[in-house]
2 protein chains.
Amino acid sequence: MSPRPKIGLDLTTILETAGVLADQQGIQEITLANLAKKLGIRPPSLYNHFDGLPGLRKKLAIYGIDMLYSRMADAAIGVSGTEAVLAVSQAYVNLAREHPGVYEATLLAPDPEDVDVQQAGEKIVELSVRILQAYHLEGASALHAVRGLRSILHGFSALEQRGGFKMALDLDESLMIIIKAFLAGFAGDSLTTPE
Amino acid sequence: MSPRPKIGLDLTTILETAGVLADQQGIQEITLANLAKKLGIRPPSLYNHFDGLPGLRKKLAIYGIDMLYSRMADAAIGVSGTEAVLAVSQAYVNLAREHPGVYEATLLAPDPEDVDVQQAGEKIVELSVRILQAYHLEGASALHAVRGLRSILHGFSALEQRGGFKMALDLDESLMIIIKAFLAGFAGDSLTTPE
DNA sequence: TGACTTAACTAATATCATTAGTTAAAATAA
DNA sequence: TTATTTTAACTAATGATATTAGTTAAGTCA
């Protein structure tokens with residue numbers, strides 16, 4: 001009866017659409033029903049492109065991690081030292097602000113241990129290691145520092161997103177001060193001195 | 001036909017059960033169907049105790065925030081300065097580890113701006129302010145510091161929970177080093193010196 | 001042209017949250 | 001004690017969802 005045009009969707013289009021949906025409506029609105037409606041197809045048709053809702057969540061997680069990495073890598077171009085860390089940090093929280101749904105999806109993979117997900121995340125870890133190398137941290141210290149930086153960035157982004165910071169105090173200023181303090185403390189000798 | 005005993009559930013029992021369910025099965029398994037089954041009642045009966053799934057999520061969020069606060073407050077007894085911050089930090093991540101589902105629920109309220117939720121969270125902010133007062137930070141600085149500490153603690157807990165730290169490196173050691181670095185950097189003069 | 005692959009579809013099922021209306025147990029008032 | 005009210009359970013029904021199975025037609029390629 002009605003025409004059944006073969007739209008010819010590809011995965012990229014679907015993920016972009018899902019990303020817009022997540023950013024605009026919230027991550028909990030990413031359902032096969034909603035996504036299908038936005039794409040103009042019926043829910044079962046989506047199974048031709050990924051393996052159900054868990055499959056979509058995994059692909060969207062990787063999509064988000066890649067996007068986050070590319071923003072961070074971009075921000076790291078042509079800068080070094082503290083300036084680099086600050087620039088990358090700002091890029092990180094900016095992505096989380098501009099694409100809250102996609103950012104949230106970043107940590108929403110059904111199985112965080114999944115090889116593909118881990119692999120995507122490793123690039124971010126490696127980038128972090130590199131920009132922190134300017135501080136000449138020894139082996140283990142460098143890893144602790146990476147964990148700290150990532151904790152600050154994710155914690156700050158997540159809390160900002162959920163309205164955790166309600167004081168009338170500039171958010172970007174907070175972030176810069178926090179990162180600077182963290183870096184200064186790490187570069188200092190306070191860690192090696194016994195208390 | 002079958003006996004219909006009036007169990008006489010109260011909200012506390014329900015929330016405790018929901019907390020166990022969340023910790024054991026994961027937050028996504030908190031459904032009215034699962035909770036009702038675990039309580040030995042039918043799903044619609046739950047509506048006598050809270051206002052649907054959103055109502056449960058809100059109450060569980062507050063339940064978790066209160067639990068988190070009490071652990072933190074406990075850890076703050078009899079200590080001060082850096083020792084206090086470290087103890088409270090350790091208590092924070094310990095709660096997230098022991099009760100991953102309840103901790104996650106902490107930030108899962110349907111409306112984070114809800115008065116009751118905000119009120120529960122304020123106690124944690126106030127406690128943080130108090131343990132950071134030992135550093136004699138001026139007005140705005142104190143608030144930036146609170147944001148930083150909370151970012152580190154939430155970021156660290158969330159990333160640890162989702163397998164974000166896969167290096168073979170002691171997690172508690174990372175946390176202590178990170179907090180110490182942050183505190184040292186904040187207490188130092190590096191913030192006021194122009195770059 | 002003809003065979004194959006693919007991306008859409010319909011139909012059906014199971015699970016879930018939710019609402020409406022019911023009932024009996026418990027608590028309270030007379 | 002008895003009568004009334006409140007409460008916490010229930011059944012039944014609805015709508016939304018994910019998912020599976022099987023179907024169809026458009027596009028691709030030999």
Side-chain angles (χ1 to χ4, degrees), chain A residues 1-22 24-63 101 104-105 108-111 114, chain B residues 1-22 24-63 101 104-105 108-111 114:
Chain A
M1 210 69 194
S2 54
R4 201 183 333 180
K6 194 161 182 176
I7 309 178
L9 290 171
D10 64 340
L11 194 53
T12 304
T13 303
I14 293 177
L15 289 179
E16 284 171 358
T17 304
V20 171
L21 186 60
Q24 290 178 346
Q25 317 261 40
I27 195 83
Q28 75 288 351
E29 292 303 313
I30 293 205
T31 63
L32 297 189
N34 280 341
L35 181 56
K37 186 175 294 182
K38 197 147 190 165
L39 289 166
I41 61 175
R42 302 304 179 113
S45 307
L46 290 170
Y47 285 76
N48 290 313
H49 299 282
F50 47 76
D51 198 10
L53 199 51
L56 172 62
R57 293 204 174 117
K58 171 183 163 178
K59 287 188 188 304
L60 198 57
I62 295 173
Y63 172 78
E104 210 171 336
L108 201 91
D111 175 20
D114 179 276
Chain B
M1 210 69 194
S2 55
R4 200 182 333 180
K6 193 161 183 176
I7 308 177
L9 290 172
D10 64 339
L11 195 53
T12 304
T13 303
I14 293 178
L15 289 179
E16 284 171 358
T17 303
V20 171
L21 185 61
Q24 290 177 347
Q25 316 260 44
I27 196 84
Q28 75 289 348
E29 292 303 312
I30 294 205
T31 62
L32 297 189
N34 280 341
L35 180 56
K37 186 175 294 179
K38 198 148 191 165
L39 289 168
I41 61 175
R42 302 305 179 113
S45 307
L46 291 170
Y47 285 76
N48 289 313
H49 300 280
F50 47 76
D51 196 11
L53 198 51
L56 172 61
R57 293 204 174 117
K58 170 183 164 177
K59 285 187 188 306
L60 198 57
I62 294 173
Y63 172 78
E104 210 171 337
L108 202 90
D111 174 20
D114 178 277

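In what follows, chains carry the letters A, B, and so on, assigned in the order in which the sequence lines appear, proteins first and then strands, with residues in each chain numbered from 1. This is a predicted model, so every value here is computed, not measured.
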Length of the [atom1]-[atom2] vector between [X] and [N], whole Å:
| X | N | atom1 | atom2 | result |
| --- | --- | --- | --- | --- |
| A:Ile41 | C:dT10 | CD1 | P | 12 Å |
| B:Arg42 | D:dA9 | CZ | P | 13 Å |
| A:Gln28 | D:dT17 | CD | P | 13 Å |

*Side chain of A:Pro43 only, please: which of D:dT17, D:dT19, C:dC16 is the nearest?*
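Taking heavy atoms from C-beta onward, the closest nucleotide is D:dT19.
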Which residues pass the side chain to side chain contact (heavy atoms under 4.5 Å, CB included) test with [X], sequence neighbours left out?
| X | answer |
| --- | --- |
| B:Asn34 | B:Leu21, B:Glu29, B:Thr31 |
| B:Ala109 | B:Ala61, B:Val117 |
| A:Ile30 | A:Ala22, A:Ile27, A:Leu56, A:Leu60 |
| A:Lys37 | none |

*Pairs where residues 48-57 of chain B contributes a residue and the test side chain to side chain donor-acceptor pair (under 3.5 Å) is met, not counting sequence neighbours*: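 Counting only pairs at least two positions apart or across chains, no side chain to side chain donor-acceptor pair (under 3.5 Å) contact touches residues 48-57 of chain B.
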Indicate every side-chain donor-acceptor pair of residues 8-19 of chain A with a distance under 3.5 Å to a residue at least two apart or in another chain.
| unit_1 | atom_1 | unit_2 | atom_2 | d |
| --- | --- | --- | --- | --- |
| A:Asp10 | OD1 | A:Thr13 | N | 3.2 |
| A:Asp10 | OD1 | A:Thr13 | OG1 | 2.5 |
| A:Thr17 | OG1 | A:Thr13 | O | 2.8 |

_Run the side-chain hydrogen bond (donor to acceptor under 3.5 Å, both in side chains) test against A:Lys58 and tell me which residues pass, sequence neighbours left out._
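Once residues adjacent in sequence are excluded, the partners of A:Lys58 under the side-chain hydrogen bond (donor to acceptor under 3.5 Å, both in side chains) criterion are A:Asp114, A:Asp116.
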*What parts of residues 44-60 of chain B reach DNA chain D, counting only heavy atoms under 4.0 Å away?*
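B:Pro44, B:Ser45, B:Asn48, B:His49, in order of number.
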*Would you say A:Ile7 and A:Leu39 make side-chain contact, with heavy atoms under 4.5 Å?*
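Side chain of A:Ile7 against side chain of A:Leu39, heavy atoms only: no contact under 4.5 Å found.
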*In residues 9-19 of chain A, what residues come within less than 4.0 Å of DNA chain C, judged by heavy atoms?*
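Hits under 4.0 Å, by residue number: A:Leu9.
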